[in-house]
2 protein chains.
Amino acid sequence: MADIKLTDKQAFAQNSALRETAKTASLDAAASKSAFPTKKEDHHDPLNEVIELLFFAYRDFTSDPDAILTDYDFGRAHHRVIHFVGRHPGITVAQLLAILGITKQSLARVLKQLVAEEYVIQKTGTRDRRQRLLHLSPKGEQLERRLSEPQRKRVAKALNQAGPEAIDTFRKTLLALINPEDQSTVAKLTGKGEVS
Amino acid sequence: MADIKLTDKQAFAQNSALRETAKTASLDAAASKSAFPTKKEDHHDPLNEVIELLFFAYRDFTSDPDAILTDYDFGRAHHRVIHFVGRHPGITVAQLLAILGITKQSLARVLKQLVAEEYVIQKTGTRDRRQRLLHLSPKGEQLERRLSEPQRKRVAKALNQAGPEAIDTFRKTLLALINPEDQSTVAKLTGKGEVS
DNA sequence: ATTTTATGTCAGCCATGTTGACATATCTTT
DNA sequence: AAAGATATGTCAACATGGCTGACATAAAAT
(Lines give C-alpha, C1' and ligand atoms only; values in the text may rest on other atoms or scores of the structure.)
Protein backbone atom coordinates (compact mmCIF):
# COMPACT_ATOMS: atom_id res chain seq x y z
CA MET A 1 0.00 0.00 0.00
CA ALA A 2 1.37 3.39 -0.97
CA ASP A 3 1.68 6.05 1.68
CA ILE A 4 -0.74 8.33 -0.10
CA LYS A 5 -3.19 9.85 2.31
CA LEU A 6 -6.77 8.93 1.70
CA THR A 7 -9.74 10.99 2.69
CA ASP A 8 -12.58 9.40 4.57
CA LYS A 9 -14.45 9.02 1.38
CA GLN A 10 -11.62 7.39 -0.48
CA ALA A 11 -10.81 5.19 2.45
CA PHE A 12 -14.41 4.12 2.59
CA ALA A 13 -14.54 3.34 -1.09
CA GLN A 14 -11.29 1.46 -0.89
CA ASN A 15 -12.12 -0.46 2.21
CA SER A 16 -15.61 -1.40 1.36
CA ALA A 17 -15.00 -1.93 -2.34
CA LEU A 18 -17.95 0.31 -3.04
CA ARG A 19 -17.77 3.33 -5.31
CA GLU A 20 -20.05 5.26 -3.03
CA THR A 21 -19.29 8.78 -1.96
CA ALA A 22 -21.18 10.90 0.47
CA LYS A 23 -23.06 12.47 -2.42
CA THR A 24 -23.80 9.30 -4.26
CA ALA A 25 -24.40 7.03 -1.31
CA SER A 26 -27.47 5.27 -2.51
CA LEU A 27 -30.59 4.52 -0.63
CA ASP A 28 -30.36 1.02 -1.97
CA ALA A 29 -27.02 0.51 -0.34
CA ALA A 30 -28.34 1.66 3.00
CA ALA A 31 -31.47 -0.39 2.61
CA SER A 32 -29.69 -3.54 1.62
CA LYS A 33 -27.84 -3.74 4.90
CA SER A 34 -30.95 -3.68 7.01
CA ALA A 35 -34.53 -2.61 6.69
CA PHE A 36 -35.54 0.91 7.49
CA PRO A 37 -37.69 0.97 10.57
CA THR A 38 -41.03 2.64 10.07
CA LYS A 39 -43.53 3.79 12.60
CA LYS A 40 -46.43 1.42 12.75
CA GLU A 41 -49.18 4.02 12.88
CA ASP A 42 -47.91 5.57 9.67
CA HIS A 43 -48.06 2.49 7.54
CA HIS A 44 -51.43 3.21 6.12
CA ASP A 45 -51.34 6.98 6.15
CA PRO A 46 -51.27 8.18 2.58
CA LEU A 47 -50.64 11.77 3.65
CA ASN A 48 -47.34 10.99 5.31
CA GLU A 49 -46.46 8.90 2.34
CA VAL A 50 -47.13 11.74 -0.08
CA ILE A 51 -45.13 14.14 2.07
CA GLU A 52 -42.11 11.88 1.87
CA LEU A 53 -42.57 11.23 -1.81
CA LEU A 54 -42.64 14.96 -2.44
CA PHE A 55 -39.30 15.26 -0.72
CA PHE A 56 -37.66 12.51 -2.77
CA ALA A 57 -39.29 13.48 -6.05
CA TYR A 58 -38.25 17.09 -5.77
CA ARG A 59 -34.76 16.09 -4.79
CA ASP A 60 -34.26 13.95 -7.85
CA PHE A 61 -36.14 16.38 -10.05
CA THR A 62 -33.59 19.10 -9.33
CA SER A 63 -30.57 16.82 -9.41
CA ASP A 64 -30.12 16.66 -13.19
CA PRO A 65 -29.80 20.40 -13.77
CA ASP A 66 -27.70 20.74 -10.62
CA ALA A 67 -25.16 18.38 -12.10
CA ILE A 68 -25.07 20.22 -15.42
CA LEU A 69 -24.69 23.60 -13.73
CA THR A 70 -21.39 22.66 -12.16
CA ASP A 71 -19.91 22.75 -15.68
CA TYR A 72 -20.73 26.44 -15.79
CA ASP A 73 -19.90 27.29 -12.18
CA PHE A 74 -23.53 28.16 -11.71
CA GLY A 75 -25.90 27.03 -9.00
CA ARG A 76 -29.56 26.36 -8.56
CA ALA A 77 -30.23 30.07 -8.21
CA HIS A 78 -28.88 30.70 -11.71
CA HIS A 79 -31.07 27.94 -13.03
CA ARG A 80 -34.22 29.50 -11.64
CA VAL A 81 -33.39 32.81 -13.25
CA ILE A 82 -32.63 31.20 -16.58
CA HIS A 83 -35.79 29.17 -16.39
CA PHE A 84 -38.15 32.04 -15.65
CA VAL A 85 -36.47 34.50 -17.99
CA GLY A 86 -36.57 31.85 -20.69
CA ARG A 87 -40.22 31.14 -20.19
CA HIS A 88 -41.20 34.78 -19.77
CA PRO A 89 -38.95 36.85 -22.00
CA GLY A 90 -39.24 40.55 -21.33
CA ILE A 91 -40.02 39.95 -17.66
CA THR A 92 -39.02 42.84 -15.41
CA VAL A 93 -36.70 42.56 -12.46
CA ALA A 94 -39.55 43.28 -10.08
CA GLN A 95 -41.69 40.52 -11.57
CA LEU A 96 -38.85 38.07 -11.37
CA LEU A 97 -38.29 38.98 -7.74
CA ALA A 98 -41.93 38.33 -6.98
CA ILE A 99 -41.84 34.95 -8.69
CA LEU A 100 -38.66 33.81 -7.02
CA GLY A 101 -39.61 35.21 -3.63
CA ILE A 102 -36.10 36.40 -2.85
CA THR A 103 -34.58 39.80 -2.21
CA LYS A 104 -33.13 41.93 -4.95
CA GLN A 105 -29.69 41.58 -3.36
CA SER A 106 -29.89 37.82 -3.67
CA LEU A 107 -31.11 38.08 -7.23
CA ALA A 108 -28.45 40.64 -8.11
CA ARG A 109 -25.68 38.26 -7.19
CA VAL A 110 -26.67 35.70 -9.78
CA LEU A 111 -28.22 38.03 -12.33
CA LYS A 112 -25.05 40.09 -12.49
CA GLN A 113 -23.06 37.01 -13.40
CA LEU A 114 -25.58 35.86 -15.96
CA VAL A 115 -25.56 39.28 -17.62
CA ALA A 116 -21.77 39.59 -17.46
CA GLU A 117 -21.33 36.20 -19.10
CA GLU A 118 -24.02 37.07 -21.61
CA TYR A 119 -26.57 34.40 -20.86
CA VAL A 120 -29.13 37.07 -20.02
CA ILE A 121 -29.65 40.34 -21.86
CA GLN A 122 -31.19 43.44 -20.33
CA LYS A 123 -33.16 45.75 -22.57
CA THR A 124 -34.29 49.12 -21.33
CA GLY A 125 -38.05 49.29 -21.28
CA THR A 126 -39.66 51.48 -23.92
CA ARG A 127 -42.83 52.29 -22.04
CA ASP A 128 -40.89 52.78 -18.80
CA ARG A 129 -37.22 53.42 -19.29
CA ARG A 130 -36.46 52.54 -15.67
CA GLN A 131 -37.27 48.92 -16.29
CA ARG A 132 -34.72 46.35 -17.39
CA LEU A 133 -36.56 43.81 -19.47
CA LEU A 134 -34.82 40.46 -19.25
CA HIS A 135 -34.24 38.10 -22.14
CA LEU A 136 -32.09 35.08 -22.82
CA SER A 137 -29.34 35.42 -25.38
CA PRO A 138 -28.96 32.56 -27.87
CA LYS A 139 -26.27 31.24 -25.53
CA GLY A 140 -28.73 31.51 -22.66
CA GLU A 141 -31.42 29.72 -24.63
CA GLN A 142 -29.02 26.94 -25.37
CA LEU A 143 -28.23 26.51 -21.70
CA GLU A 144 -31.90 26.67 -20.86
CA ARG A 145 -32.63 23.83 -23.25
CA ARG A 146 -29.78 21.79 -21.89
CA LEU A 147 -31.04 22.26 -18.35
CA SER A 148 -34.70 21.66 -19.00
CA GLU A 149 -34.25 18.65 -21.23
CA PRO A 150 -33.63 16.10 -18.47
CA GLN A 151 -36.41 17.59 -16.39
CA ARG A 152 -38.86 17.44 -19.27
CA LYS A 153 -37.87 13.86 -19.95
CA ARG A 154 -38.24 12.91 -16.31
CA VAL A 155 -41.67 14.48 -16.03
CA ALA A 156 -42.81 13.00 -19.34
CA LYS A 157 -41.72 9.54 -18.26
CA ALA A 158 -43.38 9.88 -14.86
CA LEU A 159 -46.66 11.06 -16.33
CA ASN A 160 -46.65 8.25 -18.87
CA GLN A 161 -45.98 5.65 -16.22
CA ALA A 162 -48.72 7.00 -14.02
CA GLY A 163 -51.35 6.70 -16.70
CA PRO A 164 -53.31 8.84 -19.13
CA GLU A 165 -55.21 10.84 -16.53
CA ALA A 166 -51.99 11.71 -14.72
CA ILE A 167 -51.22 14.88 -16.64
CA ASP A 168 -54.43 16.50 -15.64
CA THR A 169 -54.59 15.14 -12.11
CA PHE A 170 -50.98 15.86 -11.34
CA ARG A 171 -51.30 19.42 -12.59
CA LYS A 172 -54.48 19.98 -10.64
CA THR A 173 -52.97 18.60 -7.46
CA LEU A 174 -49.82 20.68 -7.73
CA LEU A 175 -51.87 23.80 -8.34
CA ALA A 176 -54.01 23.05 -5.31
CA LEU A 177 -50.89 22.70 -3.17
CA ILE A 178 -50.02 26.33 -3.86
CA ASN A 179 -51.17 29.05 -1.48
CA PRO A 180 -54.73 29.95 -2.50
CA GLU A 181 -53.89 33.64 -2.95
CA ASP A 182 -51.34 32.75 -5.59
CA GLN A 183 -53.20 30.01 -7.39
CA SER A 184 -54.92 32.19 -9.93
CA THR A 185 -51.74 34.09 -10.68
CA VAL A 186 -49.70 30.94 -11.07
CA ALA A 187 -52.40 29.39 -13.21
CA LYS A 188 -52.27 32.39 -15.50
CA LEU A 189 -48.51 32.45 -15.39
CA THR A 190 -47.96 28.84 -16.27
CA GLY A 191 -51.16 27.99 -18.02
CA LYS A 192 -52.49 28.20 -21.49
CA GLY A 193 -55.17 30.87 -21.26
CA GLU A 194 -52.63 33.58 -21.55
CA VAL A 195 -51.47 36.92 -21.05
CA SER A 196 -49.86 39.70 -23.01
CA MET B 1 -41.27 63.59 8.72
CA ALA B 2 -39.10 62.42 11.59
CA ASP B 3 -35.43 61.94 10.99
CA ILE B 4 -35.60 58.24 11.75
CA LYS B 5 -33.73 56.22 9.19
CA LEU B 6 -35.81 53.78 7.27
CA THR B 7 -34.53 50.69 5.58
CA ASP B 8 -35.37 50.06 1.97
CA LYS B 9 -38.10 47.76 3.03
CA GLN B 10 -39.66 50.21 5.44
CA ALA B 11 -39.30 53.01 2.97
CA PHE B 12 -41.00 50.88 0.39
CA ALA B 13 -43.85 49.97 2.68
CA GLN B 14 -44.25 53.56 3.72
CA ASN B 15 -44.05 55.01 0.28
CA SER B 16 -46.23 52.56 -1.46
CA ALA B 17 -48.68 52.04 1.36
CA LEU B 18 -48.28 48.31 0.89
CA ARG B 19 -47.45 45.96 3.71
CA GLU B 20 -45.21 43.96 1.45
CA THR B 21 -41.73 42.98 2.40
CA ALA B 22 -39.23 41.25 0.25
CA LYS B 23 -40.24 37.93 1.75
CA THR B 24 -43.96 38.44 1.52
CA ALA B 25 -44.08 40.31 -1.78
CA SER B 26 -46.93 38.51 -3.42
CA LEU B 27 -47.17 37.27 -6.91
CA ASP B 28 -50.56 38.88 -7.08
CA ALA B 29 -49.08 42.28 -6.42
CA ALA B 30 -46.57 41.85 -9.19
CA ALA B 31 -49.15 40.46 -11.54
CA SER B 32 -51.62 43.21 -10.87
CA LYS B 33 -49.28 45.87 -12.19
CA SER B 34 -48.83 44.23 -15.54
CA ALA B 35 -49.17 40.84 -17.07
CA PHE B 36 -46.29 38.43 -17.00
CA PRO B 37 -44.96 37.88 -20.47
CA THR B 38 -44.88 34.26 -21.51
CA LYS B 39 -43.15 32.63 -24.39
CA LYS B 40 -45.64 31.79 -27.10
CA GLU B 41 -44.32 28.34 -27.91
CA ASP B 42 -44.74 27.32 -24.30
CA HIS B 43 -48.38 28.09 -23.99
CA HIS B 44 -49.56 24.64 -24.74
CA ASP B 45 -46.65 22.67 -23.37
CA PRO B 46 -47.86 20.76 -20.35
CA LEU B 47 -44.36 19.66 -19.43
CA ASN B 48 -43.08 23.18 -18.92
CA GLU B 49 -46.22 23.92 -17.02
CA VAL B 50 -45.71 20.98 -14.69
CA ILE B 51 -42.09 21.96 -14.14
CA GLU B 52 -43.11 25.43 -12.99
CA LEU B 53 -45.96 24.09 -10.89
CA LEU B 54 -43.54 21.78 -9.12
CA PHE B 55 -41.40 24.77 -8.24
CA PHE B 56 -44.28 26.77 -6.79
CA ALA B 57 -45.94 23.83 -5.09
CA TYR B 58 -42.78 22.74 -3.36
CA ARG B 59 -42.03 26.27 -2.31
CA ASP B 60 -45.37 26.71 -0.60
CA PHE B 61 -45.35 23.18 0.72
CA THR B 62 -42.20 23.89 2.71
CA SER B 63 -43.19 27.38 3.78
CA ASP B 64 -45.47 26.43 6.69
CA PRO B 65 -42.92 24.41 8.63
CA ASP B 66 -40.22 26.95 7.78
CA ALA B 67 -42.24 29.63 9.53
CA ILE B 68 -42.81 27.48 12.61
CA LEU B 69 -39.15 26.54 12.85
CA THR B 70 -38.06 30.11 13.38
CA ASP B 71 -39.72 29.91 16.83
CA TYR B 72 -37.21 27.22 17.72
CA ASP B 73 -34.17 28.68 15.95
CA PHE B 74 -34.19 25.64 13.75
CA GLY B 75 -34.07 25.44 9.97
CA ARG B 76 -35.23 23.19 7.23
CA ALA B 77 -32.37 20.80 7.89
CA HIS B 78 -33.62 20.22 11.43
CA HIS B 79 -37.09 19.60 10.06
CA ARG B 80 -35.88 16.87 7.74
CA VAL B 81 -34.14 15.10 10.58
CA ILE B 82 -37.16 15.35 12.83
CA HIS B 83 -39.41 14.15 10.06
CA PHE B 84 -37.41 11.07 9.14
CA VAL B 85 -36.52 10.13 12.70
CA GLY B 86 -40.17 10.54 13.61
CA ARG B 87 -41.35 8.35 10.81
CA HIS B 88 -38.60 5.77 11.21
CA PRO B 89 -37.79 5.51 14.90
CA GLY B 90 -34.65 3.52 15.57
CA ILE B 91 -33.13 4.60 12.27
CA THR B 92 -29.34 4.58 12.29
CA VAL B 93 -27.17 7.56 11.48
CA ALA B 94 -25.94 5.87 8.31
CA GLN B 95 -29.48 5.23 7.11
CA LEU B 96 -30.46 8.80 7.81
CA LEU B 97 -27.46 10.04 5.87
CA ALA B 98 -28.43 7.92 2.90
CA ILE B 99 -31.99 9.24 2.97
CA LEU B 100 -31.01 12.86 3.29
CA GLY B 101 -28.19 12.62 0.81
CA ILE B 102 -25.90 14.90 2.78
CA THR B 103 -22.54 14.42 4.44
CA LYS B 104 -22.20 13.32 8.02
CA GLN B 105 -20.62 16.66 8.87
CA SER B 106 -23.71 18.49 7.66
CA LEU B 107 -25.94 16.13 9.54
CA ALA B 108 -23.82 16.38 12.67
CA ARG B 109 -24.34 20.10 12.90
CA VAL B 110 -28.10 19.84 13.20
CA LEU B 111 -28.28 16.47 14.90
CA LYS B 112 -25.98 17.68 17.66
CA GLN B 113 -28.35 20.54 18.40
CA LEU B 114 -31.41 18.33 18.31
CA VAL B 115 -29.82 15.87 20.72
CA ALA B 116 -28.50 18.61 23.00
CA GLU B 117 -31.94 20.22 23.22
CA GLU B 118 -33.49 16.79 23.70
CA TYR B 119 -35.71 16.60 20.68
CA VAL B 120 -33.86 13.52 19.49
CA ILE B 121 -32.62 10.66 21.65
CA GLN B 122 -29.76 8.37 20.73
CA LYS B 123 -29.88 4.81 21.96
CA THR B 124 -26.88 2.56 21.60
CA GLY B 125 -27.73 -0.35 19.35
CA THR B 126 -28.06 -3.73 21.04
CA ARG B 127 -27.16 -5.86 18.07
CA ASP B 128 -24.34 -3.50 17.13
CA ARG B 129 -23.19 -1.25 19.90
CA ARG B 130 -21.48 1.12 17.45
CA GLN B 131 -24.81 2.25 16.14
CA ARG B 132 -26.73 5.17 17.54
CA LEU B 133 -30.38 4.43 17.02
CA LEU B 134 -32.32 7.66 16.71
CA HIS B 135 -35.69 8.34 18.30
CA LEU B 136 -37.83 11.36 18.99
CA SER B 137 -38.38 12.32 22.59
CA PRO B 138 -41.94 13.27 23.58
CA LYS B 139 -40.83 16.87 23.06
CA GLY B 140 -39.55 15.92 19.62
CA GLU B 141 -42.78 14.14 18.76
CA GLN B 142 -44.71 17.21 19.75
CA LEU B 143 -42.64 19.38 17.45
CA GLU B 144 -42.97 16.81 14.69
CA ARG B 145 -46.74 16.95 14.95
CA ARG B 146 -46.72 20.72 14.95
CA LEU B 147 -44.58 20.80 11.83
CA SER B 148 -46.38 18.12 9.88
CA GLU B 149 -49.87 19.31 10.65
CA PRO B 150 -49.98 22.17 8.14
CA GLN B 151 -48.33 20.00 5.51
CA ARG B 152 -50.80 17.20 6.03
CA LYS B 153 -53.66 19.66 5.82
CA ARG B 154 -52.27 21.22 2.67
CA VAL B 155 -51.81 17.86 0.98
CA ALA B 156 -55.22 16.60 2.10
CA LYS B 157 -56.89 19.70 0.74
CA ALA B 158 -55.04 19.51 -2.55
CA LEU B 159 -55.89 15.84 -3.05
CA ASN B 160 -59.52 16.48 -2.24
CA GLN B 161 -59.72 19.36 -4.66
CA ALA B 162 -58.07 17.35 -7.39
CA GLY B 163 -60.60 14.54 -7.18
CA PRO B 164 -60.95 11.02 -5.84
CA GLU B 165 -58.37 9.43 -8.12
CA ALA B 166 -55.80 12.05 -7.17
CA ILE B 167 -54.35 10.21 -4.19
CA ASP B 168 -53.36 7.26 -6.26
CA THR B 169 -52.31 9.15 -9.35
CA PHE B 170 -50.36 11.77 -7.48
CA ARG B 171 -48.52 9.14 -5.50
CA LYS B 172 -47.74 7.12 -8.59
CA THR B 173 -46.48 10.17 -10.45
CA LEU B 174 -44.26 11.30 -7.62
CA LEU B 175 -42.80 7.84 -7.28
CA ALA B 176 -42.11 7.72 -11.01
CA LEU B 177 -40.26 11.04 -10.77
CA ILE B 178 -37.72 9.46 -8.46
CA ASN B 179 -34.52 7.98 -9.87
CA PRO B 180 -35.38 4.43 -10.94
CA GLU B 181 -32.64 2.87 -8.81
CA ASP B 182 -34.25 4.34 -5.71
CA GLN B 183 -37.88 3.78 -6.53
CA SER B 184 -38.22 0.37 -4.96
CA THR B 185 -36.39 1.46 -1.85
CA VAL B 186 -38.48 4.58 -1.47
CA ALA B 187 -41.64 2.63 -2.12
CA LYS B 188 -40.71 0.26 0.67
CA LEU B 189 -39.62 3.12 2.86
CA THR B 190 -42.75 5.20 2.55
CA GLY B 191 -45.25 2.57 1.60
CA LYS B 192 -47.54 0.22 3.37
CA GLY B 193 -46.13 -3.22 2.69
CA GLU B 194 -43.56 -2.89 5.37
CA VAL B 195 -40.47 -3.78 6.88
CA SER B 196 -39.04 -4.76 10.24
C1' DA C 1 -39.96 70.83 -8.27
C1' DT C 2 -40.80 67.08 -5.36
C1' DT C 3 -41.79 62.53 -4.49
C1' DT C 4 -42.10 57.87 -5.75
C1' DT C 5 -40.58 54.01 -8.18
C1' DA C 6 -37.35 50.57 -10.58
C1' DT C 7 -33.12 49.16 -10.32
C1' DG C 8 -28.34 48.56 -8.67
C1' DT C 9 -24.75 48.01 -5.15
C1' DC C 10 -21.70 47.73 -0.93
C1' DA C 11 -21.14 45.32 3.35
C1' DG C 12 -21.88 41.87 6.48
C1' DC C 13 -24.61 37.95 8.68
C1' DC C 14 -26.57 33.21 8.73
C1' DA C 15 -27.90 28.43 7.38
C1' DT C 16 -26.54 24.58 5.25
C1' DG C 17 -24.20 22.36 1.90
C1' DT C 18 -19.14 20.80 0.75
C1' DT C 19 -13.81 18.56 1.44
C1' DG C 20 -10.17 16.96 4.07
C1' DA C 21 -8.22 14.85 8.08
C1' DC C 22 -8.38 12.38 12.07
C1' DA C 23 -10.17 9.91 16.68
C1' DT C 24 -12.71 6.34 19.09
C1' DA C 25 -15.35 2.36 19.92
C1' DT C 26 -16.85 -1.78 18.28
C1' DC C 27 -17.45 -5.55 15.14
C1' DT C 28 -15.29 -8.88 11.89
C1' DT C 29 -11.69 -11.48 10.11
C1' DT C 30 -7.51 -13.72 10.27
C1' DA D 1 -5.28 -11.90 20.22
C1' DA D 2 -4.04 -8.92 16.50
C1' DA D 3 -5.37 -6.56 12.42
C1' DG D 4 -8.64 -4.57 9.64
C1' DA D 5 -13.14 -2.65 8.65
C1' DT D 6 -17.08 -0.06 10.04
C1' DA D 7 -20.19 3.34 12.60
C1' DT D 8 -19.96 7.38 14.46
C1' DG D 9 -18.12 11.91 15.95
C1' DT D 10 -15.42 16.14 15.39
C1' DC D 11 -12.24 20.04 14.00
C1' DA D 12 -11.32 23.31 10.34
C1' DA D 13 -12.05 25.73 6.26
C1' DC D 14 -14.72 26.90 2.33
C1' DA D 15 -18.96 27.84 -1.09
C1' DT D 16 -23.65 28.99 -2.09
C1' DG D 17 -27.50 31.45 -1.63
C1' DG D 18 -30.65 33.18 1.49
C1' DC D 19 -31.01 37.62 4.63
C1' DT D 20 -30.87 42.86 6.59
C1' DG D 21 -29.31 47.55 6.43
C1' DA D 22 -27.96 51.58 3.97
C1' DC D 23 -27.44 54.25 0.14
C1' DA D 24 -27.23 55.85 -5.08
C1' DT D 25 -29.20 56.90 -9.62
C1' DA D 26 -32.37 57.55 -13.25
C1' DA D 27 -36.88 58.00 -14.71
C1' DA D 28 -41.79 58.48 -13.94
C1' DA D 29 -45.62 60.49 -11.55
C1' DT D 30 -47.58 64.09 -8.95
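Side-chain atoms are counted along with the backbone in the values below, which use heavy atoms only and exclude waters and symmetry mates.
The nucleotide whose nearest atom lies closest to any side-chain atom of B/Gln131 is, among C/dT26, D/dT8, D/dA27, D/dT8. Checking C/dA6, D/dG9, D/dG18 against every side-chain atom of B/Lys104, the shortest atom distance belongs to D/dG9. Checking C/dT9, C/dG17, D/dG18 against every side-chain atom of A/Ala108, the shortest atom distance belongs to C/dT9. Out of D/dG9, D/dG17, C/dA6, the shortest distance to the side chain of B/Val93 is found at D/dG9.
Checking the phosphate oxygens (OP1, OP2) of C/dT16, a side-chain nitrogen or oxygen of B/His78 falls inside 4.0 Å. Phosphate proximity of D/dT6 to B/Arg132: absent, as no side-chain N or O sits under 4.0 Å from OP1 or OP2. Regarding contacts with the backbone of C/dT16, every side-chain N or O of B/Ser106 stays at 4.0 angstrom or more from both OP1 and OP2. OP1 or OP2 of D/dA27 sits under 4.0 Å from a side-chain N or O of A/Arg129.
No hydrogens or angles were tested; on distance alone, a donor-acceptor pair under 3.5 Å links the side chain of B/Arg130 to the base of D/dT6. You won't find any donor-acceptor pair under 3.5 Å spanning the side chain of A/Gln105 and the base of C/dG12, going by distance alone.
Residue pairs meeting the salt bridge (charged side-chain N to carboxylate O under 4.0 Å, His left out) criterion with at least one partner in residues 55-66 of chain B, sequence neighbours excluded, are B/Asp64-B/Arg154, B/Asp66-B/Arg76.
Distance CG (A/Leu107) to C1' (C/dC10): 16 Å, rounded to an integer number of Å. Regarding A/Asp66, its CG atom lies at a distance of 14 Å from the C1' atom of D/dA15, rounded to whole Å. In this structure, the CD atom of A/Gln95 is 12 Å from the C1' atom of C/dA6, given to the nearest Å. Summarising the geometry, the separation between CG on A/Leu100 and P on C/dT7 is reported as 13 Å, rounded to the nearest angstrom. Look at CD1 on A/Ile91: it is 15 Å from C1' on C/dT7, rounded to the nearest Å. C/dT7 atom C1' lies 14 Å from atom CD1 of A/Ile102, rounded to whole Å. Rounded to an integer number of Å, the gap from A/Asp128 CG to D/dT30 P is 12 Å.
Comparing A/Arg76 and A/Thr126 by the nucleotide of DNA chain D that holds the closest heavy atom to each, the one mapping nearer the 5' end is A/Arg76. For the pair A/Arg80 and B/Ala94, both in contact range of DNA chain D, the more 5′-proximal nearest nucleotide belongs to B/Ala94.
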Point to revise | Test side chain to side chain donor-acceptor pair (under 3.5 Å) applied to B/Glu165 and A/Thr169, step by step | key: CA-CA 8 Å; B/Glu165 81 292 4; A/Thr169 303; 3.1 Å; yes

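For the side chain to side chain contact (heavy atoms under 4.5 Å, CB included) with A/Tyr58, the qualifying choice from A/Phe61, A/Phe55, A/Phe56 is A/Phe61, the only one to do so.
With sequence neighbours left out, A/Asp71 forms a side-chain hydrogen bond (donor to acceptor under 3.5 Å, both in side chains) with A/Arg146. Legend: residues meeting ring-ring contact (aromatic ring centres under 6.0 Å, His included) with B/His88, ordered by chain and number and at least two apart, are absent. Scored by the salt bridge (charged side-chain N to carboxylate O under 4.0 Å, His left out) test, A/Lys157 finds no partners at all (sequence neighbours excluded). Residues that satisfy the salt bridge (charged side-chain N to carboxylate O under 4.0 Å, His left out) test with B/Glu118, not counting sequence neighbours, are absent from this structure.
Contact check for A/Gln161 versus B/Lys172: no side-chain heavy atoms found under the 4.5 Å cut-off.
Residues from residues 109-125 of chain A placing a heavy atom under 4.0 Å of any atom in DNA chain C, listed by number, are A/Lys112, A/Gln122.
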